[in-house]
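The block underneath contains the structure these notes are about, expressed in structure tokens.
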Amino acid sequence: MELRGRTVLVTGGASGIGLALAARLLVAGSRVIVCGRRESALRAAAAAHPGLVTRACDLAREEERVALAEWVVREHPALDVLVNNAGIQRRFRLDEPEPWRETREELAINLDAPVHLTLVLLPHLRTRPRAAVVNVTSGLAFVPLAIAPVYCATKAALHSFTLSLRHQLAGSAVDVVEILPPAVNTDLGGPGLHVTGAPLAAFADEVTARLAAGETEIAYGHAEARARAARAAFDEAFERMNGRPPR
């Protein structure tokens, strides 16, 4: 995927993996817009990376997703890459009381938002001569961490959605890319939970290089072994059920 001259929207791009990827895309010559819920984090990201465009948005809310899509198409009509990165991870026991409001928010941000934004922005992306939808899932899509049950379920669902999207858009001008991180040293789930994870800079450097090389499934570290094992028998079954994608 050519990185220079693209116009990219990165959700959850004010910190962590989203910001690391946004910064590298900016350096590569893309115009990059990031959205997030925290104004303070967006201001800090813009100050650290001159040229970064920011937009406050609560992706858990349907009306704000629609407003984001309308704004970005209006203000940045050259948009040709959507990076669905935003996500939250909550750790809790299923056999203990759990507020549904918090569970619903996790479902909305991790799954509703990427599916909805893809559907809303796809008509615009298909008008571009080259475009891409990039979904950030997880190695936990294949092997769940039981203490984070909803997070893992949403990543498995987004992985499945990505496969269907890629199959349906095969032969079009819209590439579908999946990034599958392992645990990465970010504040996902809360500070200090992933300090033994993969270094963020090394992860983002390799992912960006593999994006530029045209890979459509970019699994890193432990996630790569899990993805490879899962795909060993999957590809044949998927093709048998869905047929070969158009060339």
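Rounded to the nearest 0.5 angstrom, Met1 CE and Thr216 OG1 are separated by 11.5 Å. If you take CD1 on Ile33 and OG1 on Thr11, they are separated by 12.0 Å, rounding to the nearest 0.5 Å. We find the NE2-CZ distance between His76 and Arg55 to be 9.0 Å, quoted to the nearest 0.5 Å. Going from atom CD of Glu105 over to atom CZ of Arg61 covers 10.5 Å, rounded to the nearest 0.5 Å. For the atom pair Arg166 CZ and Asp175 CG, the distance stands at 9.5 Å (nearest 0.5 Å). A distance of 8.5 Å separates NZ in Lys155 from CG in Asn135, rounded to the nearest 0.5 Å.
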*Please step through side-chain contact (heavy atoms from CB on, under 4.5 Å) for the pair Phe92 and Val150, ending with a clear verdict.*
CA-CA 9 Å; Phe92 63 95; Val150 173; 3.7 Å; yes
*Carefully, step by step, assess Leu9 and Leu68 under the rule side-chain contact (heavy atoms from CB on, under 4.5 Å).*
CA-CA 10 Å; Leu9 171 63; Leu68 171 67; 4.3 Å; yes
*Val143 vs His222, side-chain contact (heavy atoms from CB on, under 4.5 Å): CA-CA, chis, key distance, verdict*: CA-CA 11 Å; Val143 183; His222 296 305; over 6 Å; no
Side-chain donor-acceptor contacts of residues 106-132 below 3.5 Å, not counting sequence neighbours, with atom names and distances?
from	atom 1	to	atom 2	distance (Å)
Glu106	OE1	Arg90	NH1	2.7
Glu106	OE2	Arg90	N	3.1
Glu106	OE2	Tyr151	N	3.4
Asn110	OD1	Ile88	N	2.9
Asn110	ND2	Ile88	O	2.9
Asn110	ND2	Thr154	OG1	3.3
Asp112	OD1	Arg104	NH2	3.3
Asp112	OD2	Arg104	NH2	2.7
His116	ND1	Arg65	NE	2.8
His116	ND1	Arg65	NH2	3.3
Thr118	OG1	Asn84	ND2	3.1
Thr118	OG1	Pro114	O	2.7
His124	NE2	Pro77	O	3.2
His124	NE2	Leu79	O	3.1
Thr127	OG1	His124	O	2.5

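Within a 6.0 Å radius of CZ in Arg74, other residues, nucleotides and ligands contribute more than 12 heavy atoms.
Linking Ile, Leu, Val, Met, Phe, Trp and Tyr residues whenever their side-chain heavy atoms come within less than 4.5 Å leaves Leu82 and Leu25 in two separate clusters. Residue Val81 is not grouped with residue Val176 when hydrophobic side chains (ILVMFWY) are merged at heavy-atom distances under 4.5 angstrom, including chains of intermediate members. A continuous path of Ile, Leu, Val, Met, Phe, Trp and Tyr side chains, each step under 4.5 Å between heavy atoms, connects Val83 with Val177, placing both in one hydrophobic cluster. Note on Leu26 and Val136: same hydrophobic cluster, where clusters join Ile, Leu, Val, Met, Phe, Trp and Tyr whose side-chain heavy atoms are under 4.5 Å apart, directly or indirectly. Put simply, Leu200 and Val32 are part of the same group of oily side chains (I, L, V, M, F, W, Y) that touch within less than 4.5 Å, one to the next.
Between Arg210 and Ile179 there is no side-chain heavy-atom pair separated by less than 4.5 Å. When side chains are defined from C-beta on, Val8 does not count as touching Leu3, because their heavy atoms never get closer than 4.5 Å. You'll find the side chain of Val34 stays beyond 4.5 Å of the side chain of His49, heavy atoms only. A heavy-atom distance below 4.5 Å is found between the side chains of Phe142 and Leu180. Using a 4.5 Å heavy-atom cutoff, the side chains of Thr208 and Leu21 are in contact.
With hydrogens and angles ignored, the 3.5 Å screen pairs a side-chain donor or acceptor of Asp80 with a backbone N or O of Thr7.
Summarising the geometry of Tyr220 relative to Pro182, their closest heavy-atom pair is O-CD, 3.3 Å, with the distance given to 0.1 Å. Here the closest non-hydrogen pair linking Thr54 and Ala46 is CG2-CB, 4.0 Å. Ala14 and Leu19 get closest at one heavy-atom pair: O-CD2, 3.5 Å. Shown here for Cys35 and Leu42, the closest heavy-atom pair between the two residues is C-CD2, 4.1 Å.
Of the candidates His159, Glu178, Glu217, Glu178 is the only one forming a side chain to side chain donor-acceptor pair (under 3.5 Å) with Thr137.
Looking at Arg6 and Glu2, no side-chain N of the basic residue comes within less than 4.0 Å of a carboxylate O on the acidic one, giving no salt bridge.
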